[in-house]
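Report on the following structure.
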Amino acid sequence: MPDHKQAQYWLLKSEPDVFSIDDLKACGREGWDGVRNYQARNSLRDEMRQGDLVIFYHSSCAQPAAVGLAKVDSEAQPDPTQFDPSSDYHDPKSSPEDPRWWLRQIAFVHRFDAPVTLKAMKEWEDDLDFPLLRRGNRLSVMPVPPAAVAKILGVAGLQPEQWMKS
DNA sequence: GCCAACGTTGGC
DNA sequence: GCCAACGTTGGC
């Protein structure tokens, strides 16, 4: 069981062509819909807590990198796109009585002055237990160990203590 | 319940 | 564009 007093940290992947850190900065807050992987769903629905810090990551682009910070800004909500036949994320096997897919509202916090690239992170010791750095990882929502958060913040020129206190 | 086929992710 | 990794599907 997770200790619900303990701060937790997350990484959310987004393709910048679709939704970038600048898009989040512009709108301020966005429902993180369209997640259709059960492990990621479980993180969204069961493990995140309102206020948790999020590392925003750009994937499938020229320079994959952590590009900023956000925070979990709601309790879990059913993802409405699963019930919308016109949506790419429609799931005919799900029902409003027993939703299969969930989302959280995500709020913008900070855009890094310079991205913390995947290339740079791969230089780190691999005892961090950071899922992003594991081979073949495709999770779009994943926990980040505090040591990795501190490293990312440090490379981004931020004071870890300022952002990581719970 | 097994597992081959298939689709998707995502770095390169 | 390539391809490794991995999740899902569906026949049996």
Side-chain angles (χ1 to χ4, degrees), chain A residues 2 8-27 30-48 52-72 76-106 108-145 147-156:
Chain A
Q8 297 183 150
Y9 305 97
W10 304 96
L11 181 143
L12 296 183
K13 290 182 187 173
S14 188
E15 301 186 20
D17 292 348
V18 178
F19 190 79
S20 72
I21 187 71
D22 290 322
D23 294 326
L24 182 62
K25 185 175 184 178
C27 69
E30 180 78 2
W32 205 259
D33 63 11
V35 172
R36 295 294 181 270
N37 167 282
Y38 285 101
Q39 194 177 345
R41 186 280 308 270
N42 291 346
S43 293
L44 283 170
R45 187 188 60 183
D46 305 330
E47 295 163 27
M48 283 182 176
D52 281 354
L53 190 68
V54 170
I55 306 287
F56 196 103
Y57 178 86
H58 283 173
S59 66
S60 293
C61 57
Q63 184 180 246
V67 292
L69 302 175
K71 68 179 176 187
V72 177
Q77 307 163 356
D79 179 347
T81 62
Q82 70 196 305
F83 307 125
D84 177 359
S86 70
S87 169
D88 287 346
Y89 302 121
H90 181 231
D91 183 349
K93 295 183 195 149
S94 186
S95 69
E97 294 72 33
D98 185 20
R100 182 176 294 185
W101 308 111
W102 297 74
L103 60 70
R104 298 279 183 150
Q105 299 295 323
I106 299 298
F108 176 81
V109 170
H110 181 79
R111 184 191 194 283
F112 295 156
D113 290 337
V116 180
T117 63
L118 178 63
K119 186 168 182 291
M121 291 191 269
K122 282 186 164 173
E123 305 289 315
W124 299 349
E125 302 299 320
D126 50 31
D127 60 358
L128 281 173
D129 198 29
F130 186 8
L132 183 73
L133 304 180
R134 288 207 276 265
R135 232 161 80 92
N137 165 73
R138 298 186 306 167
L139 262 186
S140 65
V141 177
M142 70 178 74
V144 187
V149 177
K151 284 199 148 205
I152 291 168
L153 293 174
V155 173

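Computed over heavy atoms, backbone and side chain alike; hydrogens, waters and symmetry mates excluded. Every chain is numbered from 1, with letters handed out A, B, ... down the list of sequences.
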Next on the checklist: Salt bridge or not between A:Asp79 and A:Arg36? Use side-chain N to carboxylate O under 4.0 Å.
Outcome noted: yes

Item to check | Check: A:Trp10 ring centroid to A:Phe56 ring centroid under 6.0 Å | outcome: no

Checklist entry - Rounded to the nearest Å, what distance is computed from the CZ atom of residue A:Arg36 to the P atom of nucleotide B:dT9? => result 12 Å

Item to check | Heavy-atom side-chain proximity of A:Gln8 to A:Val72 below 4.5 angstrom | outcome: no

Next on the checklist: Run A:Ser43 and A:Met142 through side chain to side chain contact (heavy atoms under 4.5 Å, CB included) and show every step you take.
Outcome noted: CA-CA 7 Å; A:Ser43 293; A:Met142 70 178 74; over 6 Å; no

Item to check | Nearest-Å distance for atom pair CG/P, residues A:Asp17 and B:dG10 | outcome: 13 Å

Checklist entry - Can a side chain N or O of A:Tyr57 be found less than 4.0 Å away from OP1 or OP2 on B:dT9? => result no

Item to check | A:Gln77, A:Lys71, A:Glu30 screened by side chain to side chain donor-acceptor pair (under 3.5 Å) with A:Gln105, the one that passes | outcome: A:Gln77

Next on the checklist: At 4.0 Å (heavy atoms only), tell me whether A:Lys119 reaches a base, stays on the sugar-phosphate, or touches nothing.
Outcome noted: nothing

Item to check | Distance, rounded to the nearest Å, where A:Glu15 contributes CD and B:dC12 contributes C1' | outcome: 15 Å

Checklist entry - Between A:Leu132 (CG) and B:dG11 (P), how many Å, whole number? => result 8 Å

What N/O pairs connect the protein and nucleotides 1-8 of chain B at under 3.5 Å? Give each pair on its own line.
residue	atom	partner	partner atom	Å
B:dT8	O2	A:Arg138	NH1	2.4

Checklist entry - Quick one: A:Lys122 NZ to B:dG10 P, roughly how many Å, whole number? => result 13 Å

Checklist entry - Counting side-chain heavy atoms from CB outward, which of B:dG10, B:dG11, C:dT9 is closest to A:Pro64? => result B:dG11

Checklist entry - Charged N to carboxylate O under 4.0 angstrom, A:Asp129 versus A:Arg134? => result yes

Checklist entry - Is the backbone of A:Gly68 close enough, under 3.5 Å, to the side chain of A:Arg111 for a donor and an acceptor to pair up by distance? => result no

Checklist entry - A:Met121 has an atom CE; how far is it from atom P of B:dC12, in whole Å? => result 11 Å

Checklist outcome for this item: In whole angstroms, the gap separating C1' of B:dC12 from NE2 of A:His58 amounts to 19 Å

Checklist entry - Starting at CG of A:Asn137 and ending at P of B:dT9, how long is that distance when rounded to a whole Å? => result 13 Å

Next on the checklist: Is there a side-chain contact between A:Lys13 and the phosphate of B:dG10, meaning an N or O under 4.0 Å from OP1 or OP2?
Outcome noted: yes

